[in-house]
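Along the sequence shown, residues are numbered consecutively beginning with 1.
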Amino acid sequence: MSRPVVKVTRLPRSFTKNKDGTLLTDPKLVRQRWKEYIEELYDKDGKPTEEEIDLESEMDVEVDNVGPGILEDEIEAAIRQMKDKKAKGIDEIPAELLKKLEGSAKKELIRIYQDMYEKGEWPRDFTKALIVTMEQKPNATECADHRTLSLIPHASKIMLKVLAKRFEAKTQYFI
């Protein structure tokens, strides 16, 4: 599984404070501080490591307990449910473009999702996020005084929607 990539863009100011409270004015240092802050923000303590997650080996799962692959209908439903005029992710592909795909282009996109599910590997471009910051306090110099928005690619959102629907269906019996 590839690690999400953080790309900080549209910094709110040309200066910010580091952890020690020193004001940074060098754009390179400011960008590095934001990168550090965002990685800490999204990598909370208590998050399990891959080694701590107890997953069954595929070989240990009985054939009757293996779920179906991703169905074309699931993907098409997720695409239809996407909202128009939403901010694009780092790939700059708008949801409207994905919704208009037809023929071989649509079939290729569906094949990509089905391969992702079968192999359990996401393309690197699907794991990148564009981070946008918005000032919460006037004249903010601390990273924590800003709201961060994570814009993920719409292509990634399609797969997330399919998986969320499946999780929802499985967990409704436990709640």
Side-chain angles (χ1 to χ4, degrees), residues 1-53 74-75 77-101 109 112-113 116-117 120-172 174-175:
M1 183 182 321
S2 59
R3 185 165 186 255
V5 175
V6 175
K7 180 179 180 184
V8 180
T9 62
R10 295 186 229 164
L11 294 176
R13 302 194 162 279
S14 58
F15 58 86
T16 194
K17 290 181 182 176
N18 67 10
K19 285 183 179 180
D20 303 327
T22 306
L23 195 61
L24 304 173
T25 56
D26 177 2
K28 209 173 198 177
L29 293 174
V30 170
R31 188 171 295 278
Q32 180 58 37
R33 173 62 187 126
W34 272 101
K35 184 178 187 299
E36 179 184 283
Y37 172 76
I38 290 168
E39 286 175 347
E40 288 172 7
L41 182 67
Y42 288 103
D43 192 27
K44 297 286 186 194
D45 292 334
K47 181 175 132 183
T49 62
E50 284 187 46
E51 295 80 34
E52 293 173 325
I53 299 173
E74 291 176 291
I75 297 166
I79 292 171
R80 279 192 308 273
Q81 291 171 359
M82 293 177 68
K83 296 179 181 169
D84 291 340
K85 299 181 182 175
K86 291 292 186 177
K88 297 174 273 193
I90 201 163
D91 62 358
E92 292 289 320
I93 298 173
E96 294 84 352
L97 175 71
L98 295 171
K99 290 171 95 171
K100 290 185 190 259
L101 288 179
L109 185 65
I112 290 169
Y113 290 120
M116 283 171 56
Y117 187 77
E121 296 174 9
W122 289 52
R124 186 156 171 77
D125 289 349
F126 279 41
T127 63
K128 292 181 181 179
L130 179 66
I131 306 292
V132 179
T133 60
M134 294 173 23
E135 208 174 79
Q136 283 183 304
K137 297 179 181 177
N139 302 317
T141 56
E142 299 280 344
C143 295
D145 294 338
H146 296 80
R147 181 179 307 275
T148 58
L149 301 175
S150 179
L151 305 177
I152 63 172
H154 290 293
S156 187
K157 290 178 185 179
I158 293 168
M159 185 62 151
L160 291 170
K161 173 134 344 238
V162 169
L163 294 174
K165 288 270 188 202
R166 284 188 169 200
F167 291 145
E168 185 181 308
K170 288 280 187 188
T171 58
Q172 75 182 29
F174 298 105
I175 298 176

Using side-chain contact (heavy atoms from CB on, under 4.5 Å), reason through W34 and T133 one step at a time and then give a plain yes or no. CA-CA 10 Å; W34 272 101; T133 60; 3.4 Å; yes
From K35 atom NZ to C143 atom SG, the distance as rounded to the nearest 0.5 Å: 13.5 Å
Of all heavy-atom pairs between E92 and P94, which one has the smallest distance, and what is that distance? O-CD, 3.4 Å
Determine, step by step, whether Q136 and H146 satisfy the side-chain contact (heavy atoms from CB on, under 4.5 Å) criterion, reporting the C-alpha distance in whole Å, the side-chain angles of both residues, the deciding distance to 0.1 Å, and the verdict. CA-CA 5 Å; Q136 283 183 304; H146 296 80; 5.7 Å; no
Closest non-hydrogen contact found for A144 with Y37 is CA-OH, 3.3 Å
Out of I79, L163, I112, which one pairs with I158 under the side chain to side chain contact (heavy atoms under 4.5 Å, CB included) rule? I79
How long is the gap from CD on E142 to CG on N18, to the nearest 0.5 Å? 9.0 Å
To the nearest 0.5 Å, what is the distance between OG (S156) and CG (D125)? 10.5 Å
Under a 3.5 Å cutoff, is there a donor and acceptor pairing between the side chains of Y42 and T148? yes
In the structure I gave you, are the side-chain heavy atoms of I93 and P153 within less than 4.5 Å of one another anywhere? no
Report the C-alpha separation of E96 and K85 in whole Å, then their side-chain angles, then the decisive distance to 0.1 Å, and conclude whether the side-chain contact (heavy atoms from CB on, under 4.5 Å) test is met. CA-CA 8 Å; E96 294 84 352; K85 299 181 182 175; 3.8 Å; yes
Over all heavy atoms of both residues, which pair between H154 and K88 is shortest? Give the atoms and the distance, please. NE2-CA, 4.0 Å
NZ of K86: more than 12 outside heavy atoms within 6.0 angstrom? no
Counterpart residues, side-chain hydrogen bond (donor to acceptor under 3.5 Å, both in side chains), relative to D20 (two or more places apart): none
Note: W122 and L160 closest approach over all heavy atoms is CH2-CD2, 3.7 Å
Side-chain touch L24/Q32, heavy atoms, less than 4.5 angstrom: no
For E36, give me all partners under side-chain hydrogen bond (donor to acceptor under 3.5 Å, both in side chains), at least two apart in sequence or on another chain. R33
Separation between CD1 (I90) and OG1 (T127), nearest 0.5 Å, reads 9.5 Å
Under the side-chain hydrogen bond (donor to acceptor under 3.5 Å, both in side chains) definition, can you give me all pairs with a residue in residues 157-172, not counting sequence neighbours? E74-R166, Y117-R166
Say you draw a straight line from CG of D91 to CG of L130; how long is it, rounded to the nearest 0.5 Å? 10.0 Å
Shortest non-hydrogen contact between Y113 and M159, atoms and distance: O-CE, 3.5 Å
Please name the pair of heavy atoms, one in V132 and one in L151, separated by the smallest distance, quoted to 0.1 Å. CG2-CD1, 3.8 Å
